[in-house]
Amino acid sequence: MNVKVRFAPSPTGSLHLGAVRTAIFNYLFAKKNNGKILVRIEDTDKERSSNESLIEILESLRWLGLDWDEGPIKQSNRLEIYKAAADKLIDEDLAYRCYMTQEEVNLLKDKAKAENKVYKYPNTWREKKENPNGRDFVIRFKTPYQTKINFNDTLRGNITIDSSTLDDFIIIKSDGFPTYNFASALDDAEMGITNIIRGEDHLSNTPKQVLIFNSIKKKLPNFTHVSMILGKDKTKLSKRHGAESINSFKEKGYLPISIINYLARLGWAYGDQEIFTLNEMISNFSLDNLSKSPAVFDSEKLSWVNNIQIKNYPNSELKERLKLEFIDGVDEELAINAVKEKNKDLNELQKSLNFCLLTNESYENELINELDNQAVSELKKFIIVWEEKKPKEIEEIKEVFTNYLNENEIKMKSLALPLRILLTGTKSSPGIFEILKILGHEIVIERIKKFIKNNEK
RNA sequence: GUCCCCAUCGUCUAGUCUGGCCUAGGACGCCGGGUUUUCAUCCCGGUAACAGGGGUUCGAAUCCCCUUGGGGACGCCA
(Lines give C-alpha, C1' and ligand atoms only; values in the text may rest on other atoms or scores of the structure.)
Protein backbone atom coordinates (compact mmCIF):
# COMPACT_ATOMS: atom_id res chain seq x y z
CA MET A 1 0.00 0.00 0.00
CA ASN A 2 1.26 3.44 -0.89
CA VAL A 3 1.56 5.64 2.11
CA LYS A 4 -0.15 8.99 2.08
CA VAL A 5 -0.25 11.35 5.03
CA ARG A 6 -1.40 14.89 5.57
CA PHE A 7 -0.58 18.08 7.42
CA ALA A 8 -3.91 19.65 8.25
CA PRO A 9 -3.37 22.97 9.98
CA SER A 10 -6.16 25.41 10.61
CA PRO A 11 -5.14 28.96 9.73
CA THR A 12 -6.18 30.57 12.98
CA GLY A 13 -2.78 31.69 14.20
CA SER A 14 0.88 31.01 13.67
CA LEU A 15 2.34 27.54 13.42
CA HIS A 16 2.93 26.21 16.91
CA LEU A 17 5.36 23.70 18.29
CA GLY A 18 2.77 20.98 18.74
CA ALA A 19 1.56 21.28 15.18
CA VAL A 20 5.12 21.33 13.92
CA ARG A 21 5.98 18.19 15.78
CA THR A 22 3.10 16.24 14.28
CA ALA A 23 4.08 17.65 10.89
CA ILE A 24 7.60 16.37 11.50
CA PHE A 25 6.37 12.90 12.41
CA ASN A 26 4.18 12.86 9.32
CA TYR A 27 7.09 14.00 7.22
CA LEU A 28 9.53 11.44 8.59
CA PHE A 29 7.01 8.64 8.25
CA ALA A 30 6.15 9.57 4.67
CA LYS A 31 9.78 9.94 3.60
CA LYS A 32 10.76 6.70 5.28
CA ASN A 33 8.02 4.85 3.40
CA ASN A 34 8.34 6.65 0.09
CA GLY A 35 4.91 8.10 0.67
CA LYS A 36 3.16 11.27 -0.33
CA ILE A 37 2.34 14.29 1.81
CA LEU A 38 -0.76 16.38 1.38
CA VAL A 39 -1.32 19.78 2.90
CA ARG A 40 -4.92 20.51 3.69
CA ILE A 41 -6.06 23.80 5.14
CA GLU A 42 -8.87 23.32 7.62
CA ASP A 43 -10.45 26.72 7.35
CA THR A 44 -14.04 25.84 8.16
CA ASP A 45 -14.20 28.40 10.93
CA LYS A 46 -15.11 31.53 9.02
CA GLU A 47 -14.60 33.78 12.01
CA ARG A 48 -11.16 32.75 13.08
CA SER A 49 -9.48 31.76 9.83
CA SER A 50 -7.32 34.34 8.16
CA ASN A 51 -5.22 34.57 5.08
CA GLU A 52 -2.30 36.04 7.05
CA SER A 53 -2.20 32.94 9.22
CA LEU A 54 -2.32 30.72 6.18
CA ILE A 55 0.61 32.52 4.59
CA GLU A 56 2.63 32.42 7.80
CA ILE A 57 1.98 28.73 8.32
CA LEU A 58 3.03 27.78 4.82
CA GLU A 59 6.10 29.97 5.11
CA SER A 60 7.06 28.30 8.37
CA LEU A 61 6.69 24.85 6.86
CA ARG A 62 8.85 25.87 3.93
CA TRP A 63 11.42 27.45 6.19
CA LEU A 64 11.64 24.22 8.16
CA GLY A 65 12.08 22.34 4.91
CA LEU A 66 8.99 20.20 5.47
CA ASP A 67 7.94 20.11 1.85
CA TRP A 68 4.82 18.41 0.53
CA ASP A 69 3.58 16.77 -2.65
CA GLU A 70 -0.02 17.85 -2.91
CA GLY A 71 -1.97 20.95 -1.98
CA PRO A 72 -2.47 23.17 -0.18
CA ILE A 73 -6.13 22.30 -0.54
CA LYS A 74 -8.51 24.63 1.21
CA GLN A 75 -11.62 23.11 2.70
CA SER A 76 -13.49 26.36 2.14
CA ASN A 77 -13.27 25.62 -1.58
CA ARG A 78 -14.97 22.28 -1.16
CA LEU A 79 -18.18 23.35 0.49
CA GLU A 80 -20.44 21.73 -2.13
CA ILE A 81 -18.76 18.39 -1.56
CA TYR A 82 -19.52 18.43 2.15
CA LYS A 83 -23.03 19.67 1.50
CA ALA A 84 -23.73 16.89 -0.99
CA ALA A 85 -22.30 14.30 1.37
CA ALA A 86 -24.50 15.56 4.19
CA ASP A 87 -27.61 15.53 1.99
CA LYS A 88 -26.85 11.99 1.02
CA LEU A 89 -26.65 11.03 4.68
CA ILE A 90 -30.05 12.65 5.23
CA ASP A 91 -31.51 10.63 2.37
CA GLU A 92 -30.12 7.50 3.92
CA ASP A 93 -31.60 8.46 7.30
CA LEU A 94 -28.15 8.70 8.80
CA ALA A 95 -28.41 12.41 9.48
CA TYR A 96 -31.13 14.99 9.97
CA ARG A 97 -31.86 18.68 10.05
CA CYS A 98 -32.11 20.25 13.46
CA TYR A 99 -33.96 23.53 13.79
CA MET A 100 -33.12 24.22 17.40
CA THR A 101 -32.13 27.84 17.73
CA GLN A 102 -28.95 29.11 19.30
CA GLU A 103 -31.03 30.55 22.13
CA GLU A 104 -32.60 27.21 22.89
CA VAL A 105 -29.19 25.57 22.91
CA ASN A 106 -27.81 28.22 25.23
CA LEU A 107 -30.72 27.68 27.58
CA LEU A 108 -29.96 23.99 27.75
CA LYS A 109 -26.29 24.69 28.32
CA ASP A 110 -27.04 27.08 31.17
CA LYS A 111 -29.34 24.56 32.73
CA ALA A 112 -26.74 21.82 32.49
CA LYS A 113 -24.19 24.11 34.04
CA ALA A 114 -26.50 25.00 36.89
CA GLU A 115 -26.99 21.32 37.61
CA ASN A 116 -23.25 20.79 37.40
CA LYS A 117 -23.66 18.56 34.38
CA VAL A 118 -22.26 18.64 30.89
CA TYR A 119 -24.51 19.74 28.08
CA LYS A 120 -25.54 17.05 25.70
CA TYR A 121 -27.92 17.64 22.81
CA PRO A 122 -31.17 15.85 23.68
CA ASN A 123 -31.82 14.61 20.14
CA THR A 124 -34.90 16.82 19.93
CA TRP A 125 -35.16 16.83 16.15
CA ARG A 126 -33.89 13.33 15.57
CA GLU A 127 -37.27 11.81 14.72
CA LYS A 128 -39.29 14.92 13.83
CA LYS A 129 -40.55 14.95 10.30
CA GLU A 130 -41.65 18.59 10.08
CA ASN A 131 -39.64 21.08 8.08
CA PRO A 132 -40.14 24.64 9.33
CA ASN A 133 -39.64 26.71 6.23
CA GLY A 134 -37.15 29.49 6.17
CA ARG A 135 -35.64 28.76 9.55
CA ASP A 136 -31.96 28.22 10.09
CA PHE A 137 -30.93 24.66 10.67
CA VAL A 138 -27.87 22.57 11.27
CA ILE A 139 -27.36 19.02 10.08
CA ARG A 140 -26.69 16.49 12.78
CA PHE A 141 -25.34 13.00 12.53
CA LYS A 142 -27.63 10.27 13.81
CA THR A 143 -25.31 8.63 16.27
CA PRO A 144 -26.50 5.03 16.61
CA TYR A 145 -27.80 4.04 20.03
CA GLN A 146 -26.00 1.38 21.98
CA THR A 147 -23.17 0.57 19.67
CA LYS A 148 -19.56 -0.01 20.37
CA ILE A 149 -17.31 2.10 18.20
CA ASN A 150 -13.99 0.45 17.48
CA PHE A 151 -10.75 1.63 16.04
CA ASN A 152 -7.12 0.78 16.25
CA ASP A 153 -4.37 3.17 17.24
CA THR A 154 -0.77 2.32 16.38
CA LEU A 155 0.43 3.30 19.81
CA ARG A 156 -2.52 2.57 22.02
CA GLY A 157 -3.95 -0.55 20.49
CA ASN A 158 -7.65 -1.23 20.22
CA ILE A 159 -9.91 1.48 21.52
CA THR A 160 -13.61 0.93 22.09
CA ILE A 161 -16.06 3.68 22.89
CA ASP A 162 -19.70 3.28 23.77
CA SER A 163 -21.86 5.38 21.47
CA SER A 164 -23.95 6.49 24.42
CA THR A 165 -21.14 8.82 25.47
CA LEU A 166 -21.61 10.74 22.21
CA ASP A 167 -24.49 12.92 21.14
CA ASP A 168 -25.93 13.70 17.73
CA PHE A 169 -23.07 15.95 16.72
CA ILE A 170 -23.32 18.67 14.12
CA ILE A 171 -21.82 17.97 10.72
CA ILE A 172 -23.01 21.08 8.86
CA LYS A 173 -23.30 24.40 10.66
CA SER A 174 -26.10 26.87 10.02
CA ASP A 175 -23.79 28.93 7.81
CA GLY A 176 -23.44 25.93 5.52
CA PHE A 177 -19.86 25.19 6.54
CA PRO A 178 -18.98 21.68 7.68
CA THR A 179 -17.65 21.05 11.18
CA TYR A 180 -14.16 19.79 11.73
CA ASN A 181 -15.12 16.19 12.46
CA PHE A 182 -17.16 15.91 9.30
CA ALA A 183 -14.92 17.70 6.82
CA SER A 184 -11.79 16.11 8.17
CA ALA A 185 -13.10 12.55 8.07
CA LEU A 186 -14.69 13.02 4.68
CA ASP A 187 -11.50 14.46 3.22
CA ASP A 188 -9.27 11.85 4.77
CA ALA A 189 -11.48 9.20 3.19
CA GLU A 190 -11.75 10.86 -0.19
CA MET A 191 -8.14 11.91 -0.46
CA GLY A 192 -6.94 8.41 0.27
CA ILE A 193 -5.04 9.18 3.46
CA THR A 194 -3.55 5.93 4.71
CA ASN A 195 -2.12 7.16 8.00
CA ILE A 196 -3.49 9.83 10.24
CA ILE A 197 -0.76 11.01 12.56
CA ARG A 198 -1.94 13.76 14.86
CA GLY A 199 -1.99 14.96 18.45
CA GLU A 200 -3.52 13.03 21.29
CA ASP A 201 -6.04 15.81 21.77
CA HIS A 202 -7.83 14.36 18.76
CA LEU A 203 -8.18 10.95 20.30
CA SER A 204 -11.61 11.69 21.66
CA ASN A 205 -12.76 13.06 18.29
CA THR A 206 -11.84 9.87 16.57
CA PRO A 207 -15.01 7.90 17.43
CA LYS A 208 -17.10 10.56 15.69
CA GLN A 209 -14.89 10.40 12.66
CA VAL A 210 -15.05 6.63 12.68
CA LEU A 211 -18.83 6.93 12.52
CA ILE A 212 -18.47 9.16 9.46
CA PHE A 213 -16.10 6.73 7.78
CA ASN A 214 -18.52 3.88 8.46
CA SER A 215 -21.51 5.84 7.20
CA ILE A 216 -19.89 6.47 3.85
CA LYS A 217 -18.59 2.92 3.79
CA LYS A 218 -14.93 3.79 3.61
CA LYS A 219 -12.12 1.80 5.10
CA LEU A 220 -10.55 3.30 8.21
CA PRO A 221 -7.04 4.69 7.88
CA ASN A 222 -4.38 3.83 10.46
CA PHE A 223 -4.53 6.18 13.39
CA THR A 224 -1.52 7.28 15.40
CA HIS A 225 -2.23 9.67 18.22
CA VAL A 226 0.99 11.27 19.32
CA SER A 227 1.40 12.46 22.89
CA MET A 228 1.12 16.16 23.62
CA ILE A 229 3.83 18.68 24.30
CA LEU A 230 3.41 20.32 27.68
CA GLY A 231 4.78 23.53 29.10
CA LYS A 232 6.99 23.71 32.19
CA ASP A 233 3.85 23.66 34.34
CA LYS A 234 2.80 20.42 32.66
CA THR A 235 -0.27 21.79 30.99
CA LYS A 236 -0.96 22.00 27.29
CA LEU A 237 1.45 24.36 25.58
CA SER A 238 -0.06 27.77 25.07
CA LYS A 239 0.72 31.45 24.83
CA ARG A 240 1.42 31.53 28.54
CA HIS A 241 4.54 29.49 27.98
CA GLY A 242 6.25 32.22 26.02
CA ALA A 243 7.20 32.39 22.41
CA GLU A 244 6.24 29.22 20.70
CA SER A 245 5.54 30.10 17.09
CA ILE A 246 8.11 28.80 14.66
CA ASN A 247 8.69 32.29 13.44
CA SER A 248 9.91 33.36 16.84
CA PHE A 249 12.45 30.55 16.89
CA LYS A 250 13.63 31.62 13.49
CA GLU A 251 14.12 35.12 14.83
CA LYS A 252 15.93 33.85 17.90
CA GLY A 253 18.61 32.31 15.73
CA TYR A 254 17.66 28.68 15.53
CA LEU A 255 18.46 26.46 12.59
CA PRO A 256 15.52 24.52 11.09
CA ILE A 257 17.35 21.25 11.64
CA SER A 258 17.78 22.09 15.33
CA ILE A 259 14.06 22.49 15.78
CA ILE A 260 13.31 19.35 13.81
CA ASN A 261 15.94 17.39 15.70
CA TYR A 262 14.78 18.54 19.12
CA LEU A 263 11.08 18.19 18.45
CA ALA A 264 11.46 14.77 16.87
CA ARG A 265 13.50 13.60 19.84
CA LEU A 266 10.68 14.76 22.11
CA GLY A 267 8.60 11.63 22.17
CA TRP A 268 10.77 9.58 19.90
CA ALA A 269 14.15 8.02 20.47
CA TYR A 270 16.67 5.95 18.59
CA GLY A 271 18.78 4.38 21.28
CA ASP A 272 20.96 6.97 22.95
CA GLN A 273 21.43 9.18 19.93
CA GLU A 274 20.67 12.85 20.51
CA ILE A 275 21.88 14.60 17.38
CA PHE A 276 20.56 13.59 13.99
CA THR A 277 20.83 14.70 10.41
CA LEU A 278 17.54 14.78 8.55
CA ASN A 279 18.47 11.62 6.67
CA GLU A 280 19.34 9.81 9.86
CA MET A 281 15.97 10.70 11.30
CA ILE A 282 14.20 9.50 8.18
CA SER A 283 15.98 6.20 7.95
CA ASN A 284 15.62 5.38 11.63
CA PHE A 285 12.09 6.63 12.10
CA SER A 286 9.30 4.31 13.09
CA LEU A 287 5.84 5.02 14.43
CA ASP A 288 5.80 2.29 17.01
CA ASN A 289 8.57 3.60 19.16
CA LEU A 290 6.87 6.91 19.76
CA SER A 291 6.31 7.71 23.40
CA LYS A 292 2.78 7.44 24.73
CA SER A 293 3.10 9.88 27.57
CA PRO A 294 3.17 13.65 27.24
CA ALA A 295 6.51 15.45 27.11
CA VAL A 296 7.56 18.71 28.70
CA PHE A 297 9.16 21.21 26.38
CA ASP A 298 12.67 22.16 27.51
CA SER A 299 14.08 25.24 25.82
CA GLU A 300 17.54 24.69 27.32
CA LYS A 301 17.92 21.39 25.59
CA LEU A 302 16.67 22.89 22.34
CA SER A 303 19.35 25.51 22.73
CA TRP A 304 21.99 22.83 23.25
CA VAL A 305 20.81 20.94 20.18
CA ASN A 306 20.95 24.16 18.20
CA ASN A 307 24.51 24.73 19.35
CA ILE A 308 25.62 21.31 18.18
CA GLN A 309 23.76 21.61 14.89
CA ILE A 310 25.39 24.96 14.21
CA LYS A 311 28.79 23.37 14.77
CA ASN A 312 27.92 20.64 12.29
CA TYR A 313 26.53 23.06 9.74
CA PRO A 314 28.74 23.58 6.66
CA ASN A 315 30.48 26.96 6.57
CA SER A 316 29.45 27.73 3.04
CA GLU A 317 25.79 27.22 3.87
CA LEU A 318 26.14 29.25 7.02
CA LYS A 319 27.65 32.09 5.03
CA GLU A 320 24.77 31.97 2.60
CA ARG A 321 22.05 31.65 5.22
CA LEU A 322 23.34 34.62 7.21
CA LYS A 323 24.33 36.57 4.09
CA LEU A 324 27.78 37.13 5.53
CA GLU A 325 29.92 39.67 3.69
CA PHE A 326 33.50 39.60 4.83
CA ILE A 327 36.06 42.36 4.55
CA ASP A 328 38.56 41.69 1.78
CA GLY A 329 41.50 39.61 2.88
CA VAL A 330 39.77 38.02 5.85
CA ASP A 331 40.27 34.30 6.44
CA GLU A 332 36.59 33.39 6.21
CA GLU A 333 36.90 29.70 7.01
CA LEU A 334 38.89 30.32 10.15
CA ALA A 335 36.59 33.15 11.19
CA ILE A 336 33.49 30.97 10.94
CA ASN A 337 35.15 27.99 12.57
CA ALA A 338 36.44 30.05 15.46
CA VAL A 339 33.08 31.61 16.11
CA LYS A 340 31.07 28.40 15.66
CA GLU A 341 32.73 26.86 18.69
CA LYS A 342 31.44 29.48 21.03
CA ASN A 343 27.90 30.36 20.13
CA LYS A 344 24.51 29.08 21.07
CA ASP A 345 22.52 30.66 18.30
CA LEU A 346 22.85 32.25 14.90
CA ASN A 347 22.27 35.79 16.12
CA GLU A 348 25.14 35.62 18.57
CA LEU A 349 27.28 33.97 15.98
CA GLN A 350 26.73 36.77 13.57
CA LYS A 351 27.44 39.32 16.26
CA SER A 352 30.74 37.67 17.12
CA LEU A 353 31.68 37.91 13.49
CA ASN A 354 31.09 41.65 13.31
CA PHE A 355 34.76 42.52 13.62
CA CYS A 356 35.52 41.04 10.22
CA LEU A 357 32.32 41.83 8.34
CA LEU A 358 31.93 44.59 5.77
CA THR A 359 28.56 45.52 7.18
CA ASN A 360 30.11 46.43 10.48
CA GLU A 361 33.32 48.20 9.82
CA SER A 362 32.50 50.65 12.52
CA TYR A 363 33.40 48.05 15.07
CA GLU A 364 34.80 50.66 17.44
CA ASN A 365 33.01 51.35 20.67
CA GLU A 366 33.57 52.78 24.08
CA LEU A 367 35.80 49.89 25.09
CA ILE A 368 38.42 51.09 22.67
CA ASN A 369 38.24 54.62 24.01
CA GLU A 370 38.84 53.28 27.48
CA LEU A 371 42.24 51.86 26.58
CA ASP A 372 44.85 53.69 28.58
CA ASN A 373 48.21 55.25 27.65
CA GLN A 374 49.96 52.16 28.87
CA ALA A 375 48.18 50.21 26.16
CA VAL A 376 48.99 52.81 23.53
CA SER A 377 52.69 52.69 24.17
CA GLU A 378 52.63 48.93 24.39
CA LEU A 379 51.01 48.70 20.98
CA LYS A 380 53.40 51.21 19.50
CA LYS A 381 56.31 48.98 20.36
CA PHE A 382 54.53 45.85 19.26
CA ILE A 383 53.59 47.08 15.83
CA ILE A 384 57.19 47.71 14.89
CA VAL A 385 58.08 44.08 15.46
CA TRP A 386 54.90 42.94 13.82
CA GLU A 387 55.47 44.94 10.65
CA GLU A 388 58.97 43.68 10.37
CA LYS A 389 58.27 39.95 10.89
CA LYS A 390 55.01 39.79 8.91
CA PRO A 391 53.89 36.43 10.32
CA LYS A 392 51.19 34.70 8.26
CA GLU A 393 50.35 31.26 9.59
CA ILE A 394 49.04 30.66 13.08
CA GLU A 395 52.27 28.98 14.16
CA GLU A 396 54.35 31.92 12.98
CA ILE A 397 52.01 34.36 14.66
CA LYS A 398 52.25 32.46 17.87
CA GLU A 399 56.04 32.40 17.69
CA VAL A 400 56.42 36.10 16.97
CA PHE A 401 53.94 36.93 19.68
CA THR A 402 55.48 34.84 22.44
CA ASN A 403 59.00 35.79 21.52
CA TYR A 404 58.01 39.41 21.77
CA LEU A 405 56.48 38.83 25.18
CA ASN A 406 59.57 37.03 26.45
CA GLU A 407 62.05 39.56 25.13
CA ASN A 408 60.18 42.47 26.63
CA GLU A 409 59.10 40.68 29.79
CA ILE A 410 55.48 41.45 29.23
CA LYS A 411 52.61 39.33 30.45
CA MET A 412 50.32 37.75 27.89
CA LYS A 413 47.33 39.47 29.34
CA SER A 414 48.67 43.01 29.19
CA LEU A 415 49.19 42.79 25.45
CA ALA A 416 46.44 40.38 24.42
CA LEU A 417 43.61 42.21 26.11
CA PRO A 418 44.16 45.67 24.59
CA LEU A 419 44.92 44.11 21.25
CA ARG A 420 41.74 42.10 21.36
CA ILE A 421 39.66 45.12 22.27
CA LEU A 422 41.30 47.19 19.61
CA LEU A 423 40.92 44.62 16.86
CA THR A 424 37.44 43.36 17.66
CA GLY A 425 35.84 46.07 19.74
CA THR A 426 34.86 43.51 22.32
CA LYS A 427 36.23 41.70 25.33
CA SER A 428 35.05 38.31 24.22
CA SER A 429 36.27 36.94 20.96
CA PRO A 430 38.14 33.99 19.52
CA GLY A 431 41.73 33.46 20.65
CA ILE A 432 44.09 36.33 19.93
CA PHE A 433 46.22 34.29 17.50
CA GLU A 434 43.09 33.37 15.57
CA ILE A 435 42.04 37.01 15.48
CA LEU A 436 45.40 38.02 14.05
CA LYS A 437 45.23 35.31 11.45
CA ILE A 438 41.58 35.96 10.55
CA LEU A 439 42.11 39.66 9.93
CA GLY A 440 45.46 39.21 8.24
CA HIS A 441 48.57 41.33 8.35
CA GLU A 442 47.26 44.37 6.48
CA ILE A 443 44.09 44.91 8.46
CA VAL A 444 45.83 44.36 11.77
CA ILE A 445 48.40 47.03 10.98
CA GLU A 446 45.78 49.37 9.65
CA ARG A 447 43.70 49.12 12.81
CA ILE A 448 46.63 49.50 15.17
CA LYS A 449 47.98 52.52 13.29
CA LYS A 450 44.62 54.17 13.19
CA PHE A 451 44.30 53.67 16.92
CA ILE A 452 47.73 55.09 17.66
CA LYS A 453 47.06 58.07 15.46
CA ASN A 454 43.76 58.81 17.15
CA ASN A 455 45.42 58.71 20.55
CA GLU A 456 48.26 61.02 19.71
CA LYS A 457 46.01 63.98 19.08
C1' G B 1 -18.93 15.63 36.63
C1' U B 2 -18.60 11.91 32.33
C1' C B 3 -15.48 9.48 28.83
C1' C B 4 -10.55 8.43 26.92
C1' C B 5 -5.25 8.14 27.32
C1' C B 6 -0.81 7.85 30.19
C1' A B 7 2.93 6.75 34.48
C1' U B 8 11.61 5.20 34.74
C1' C B 9 16.37 10.77 37.43
C1' G B 10 14.09 18.08 37.92
C1' U B 11 13.47 17.47 32.16
C1' C B 12 13.91 14.36 27.39
C1' U B 13 14.55 9.31 27.15
C1' A B 14 16.92 3.66 26.75
C1' G B 15 15.16 -0.75 28.82
C1' U B 16 8.66 -2.85 28.86
C1' C B 17 5.77 -5.98 23.57
C1' U B 18 9.57 -11.04 23.49
C1' G B 19 10.37 -11.34 32.40
C1' G B 20 16.73 -12.93 34.10
C1' C B 21 22.40 -9.48 30.45
C1' C B 22 19.38 -3.54 35.10
C1' U B 23 23.54 -3.15 42.00
C1' A B 24 18.49 0.71 35.73
C1' G B 25 22.13 3.26 30.57
C1' G B 26 22.51 8.00 27.74
C1' A B 27 21.42 13.28 27.14
C1' C B 28 19.95 18.36 28.95
C1' G B 29 20.31 20.92 33.53
C1' C B 30 22.73 21.39 38.10
C1' C B 31 27.28 20.76 41.35
C1' G B 32 32.69 20.00 41.60
C1' G B 33 37.49 19.78 39.12
C1' G B 34 40.86 20.50 34.85
C1' U B 35 42.49 23.10 30.10
C1' U B 36 42.63 28.46 28.64
C1' U B 37 45.09 35.26 26.63
C1' U B 38 38.99 37.20 27.28
C1' C B 39 33.94 35.19 26.78
C1' A B 40 32.79 30.69 25.61
C1' U B 41 33.99 25.90 24.10
C1' C B 42 36.18 21.46 25.46
C1' C B 43 37.66 17.38 28.91
C1' C B 44 37.01 14.63 33.57
C1' G B 45 34.05 13.50 37.84
C1' G B 46 29.48 13.77 40.68
C1' U B 47 24.08 14.38 41.54
C1' A B 48 19.37 12.06 40.74
C1' A B 49 14.33 7.70 38.90
C1' C B 50 11.41 2.21 38.12
C1' A B 51 4.37 6.48 41.91
C1' G B 52 2.16 3.08 45.98
C1' G B 53 -0.05 -1.60 47.20
C1' G B 54 -1.38 -6.40 45.99
C1' G B 55 -0.78 -10.63 42.89
C1' U B 56 1.65 -14.27 38.92
C1' U B 57 6.75 -16.36 38.83
C1' C B 58 12.55 -19.71 40.88
C1' G B 59 12.99 -14.51 39.21
C1' A B 60 9.25 -8.27 37.73
C1' A B 61 11.11 -1.63 35.80
C1' U B 62 9.16 -5.38 32.39
C1' C B 63 2.91 -9.49 32.91
C1' C B 64 -2.22 -8.88 35.73
C1' C B 65 -5.43 -6.10 39.28
C1' C B 66 -6.45 -2.00 42.52
C1' U B 67 -5.21 2.82 44.38
C1' U B 68 -2.98 7.34 43.54
C1' G B 69 -1.15 10.93 40.34
C1' G B 70 -0.84 13.43 35.52
C1' G B 71 -2.78 14.74 30.73
C1' G B 72 -6.64 15.21 27.12
C1' A B 73 -11.68 15.55 25.31
C1' C B 74 -16.62 16.71 26.27
C1' G B 75 -18.55 23.80 21.16
C1' C B 76 -22.82 25.88 15.13
C1' C B 77 -13.33 25.66 17.57
C1' A B 78 -10.05 22.80 15.02
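Below, chains carry the letters A, B, ... as their sequence lines are ordered, and counting in each starts from 1. Please read these numbers as outputs of a predicted model, since none were measured by experiment.
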What integer distance in Å separates [X]:[atom1] from [N]:[atom2]?
X: A:H202; N: B:G71; atom1: NE2; atom2: C1'; value: 15 Å
X: A:L166; N: B:C4; atom1: CG; atom2: P; value: 12 Å
X: A:L230; N: B:G10; atom1: CG; atom2: C1'; value: 15 Å
X: A:D167; N: B:C74; atom1: CG; atom2: C1'; value: 9 Å
X: A:D201; N: B:C77; atom1: CG; atom2: C1'; value: 12 Å
X: A:N205; N: B:C74; atom1: CG; atom2: C1'; value: 9 Å
X: A:R198; N: B:A73; atom1: CZ; atom2: P; value: 13 Å
X: A:Y270; N: B:A27; atom1: OH; atom2: C1'; value: 17 Å

Please report the distance separating the [atom1] of [N] from the corresponding atom of [M], rounded so that it comes out in whole Å.
N: B:C58; M: B:U2; atom1: P; value: 41 Å
N: B:C30; M: B:G69; atom1: C1'; value: 26 Å
N: B:U13; M: B:U18; atom1: P; value: 23 Å
N: B:U8; M: B:A61; atom1: P; value: 15 Å
N: B:C21; M: B:A14; atom1: C1'; value: 15 Å
N: B:C17; M: B:G33; atom1: C1'; value: 44 Å
N: B:C39; M: B:C6; atom1: C1'; value: 44 Å
N: B:C50; M: B:U23; atom1: C1'; value: 14 Å

| Closest-nucleotide 5' rank along RNA chain B - winner of A:W268 and A:T165 | A:T165
| remark: Taking for A:K208 and for A:D45 the nucleotide of RNA chain B with the nearest heavy atom, the one nearer the 5' end belongs to A:K208
Side chains of [X] and [Y]: do they bring a donor and an acceptor to under 3.5 Å?
X: A:Q209; Y: A:N181; answer: yes
X: A:S184; Y: A:H202; answer: no
X: A:S258; Y: A:N306; answer: yes
X: A:T22; Y: A:R198; answer: no

When all nucleic acid strands are considered with a 4.0 Å heavy-atom cut-off, which category describes [X]: base, sugar-phosphate, or nothing?
X: A:G267; value: sugar-phosphate
X: A:I161; value: sugar-phosphate
X: A:T206; value: nothing
X: A:Q102; value: base
X: A:V138; value: base
X: A:S174; value: base
X: A:H225; value: nothing

[X] side chain: which of [options] is closest?
X: A:A269; options: B:C3, B:C76, B:A14; result: B:A14
X: A:I170; options: B:G1, B:A78, B:C76; result: B:C76
X: A:E300; options: B:C74, B:G29, B:G26; result: B:G29
X: A:M228; options: B:A78, B:U13, B:G71; result: B:G71
X: A:K301; options: B:U13, B:G26, B:G72; result: B:G26

| Which letters describe nucleotides 34-48 of chain B, given B = protein heavy atom under 4.0 Å from base, S = only from sugar-phosphate, - = neither? | ---BBBBSS------
Give me the atom names and distance for the closest heavy-atom approach of [X] to [Y].
X: A:D331; Y: A:K437; result: OD2-NZ, 3.3 Å
X: A:P178; Y: A:T44; result: O-CB, 3.4 Å
X: A:E200; Y: A:K292; result: OE1-O, 4.3 Å

| request: Answer yes or no: is there a donor N or O on one side and an acceptor on the other, between the side chain of A:Y313 and the main chain of A:I257, under 3.5 Å? | output: no
| field | Six-ring centre of A:Y145, A:R126 cation under 6.0 angstrom, axis tolerance 45° | value | yes
| message | Distance to the ring centre below 6.0 angstrom and angle to the axis at most 45 degrees; does that hold for A:R135 and A:Y99? | response | no
Pairs: protein N or O with nucleotides 5-7 of chain B N or O, under 3.5 Å:
unit_1 : atom_1 : unit_2 : atom_2 : d
B:C5   : O2'    : A:R156 : NH1    : 2.4
B:C5   : O2'    : A:E200 : OE2    : 3.2

Taking only the side-chain nitrogens and oxygens of [X], find out if one of them lies under 4.0 Å from OP1 or OP2 of [N].
X: A:K234; N: B:G72; value: no
X: A:K173; N: B:C77; value: yes
X: A:K109; N: B:C76; value: yes

| note | In A:F141, A:F182, A:Y121, A:Y180, the residue satisfying ring-ring contact (aromatic ring centres under 6.0 Å, His included) with A:F169 is A:F141
Using Watson-Crick or G-U wobble geometry with both distances below 3.5 Å, tell me the partner of [N], or none.
N: B:U57; value: none
N: B:A7; value: B:U68
N: B:G32; value: B:C44
N: B:G1; value: B:C74

| query | Any donor-acceptor pair under 3.5 Å between the side chain of A:D272 and the base of B:G25? | reply | yes
| query | Do A:E274 side-chain and B:G26 base share a donor-acceptor contact under 3.5 Å? | reply | yes
| How about A:Y262 and A:F297: are their ring centres within less than 6.0 Å of each other? | yes
| query | Quick check, are the ring centers of A:W268 and A:F285 under 6.0 angstrom apart? | reply | yes
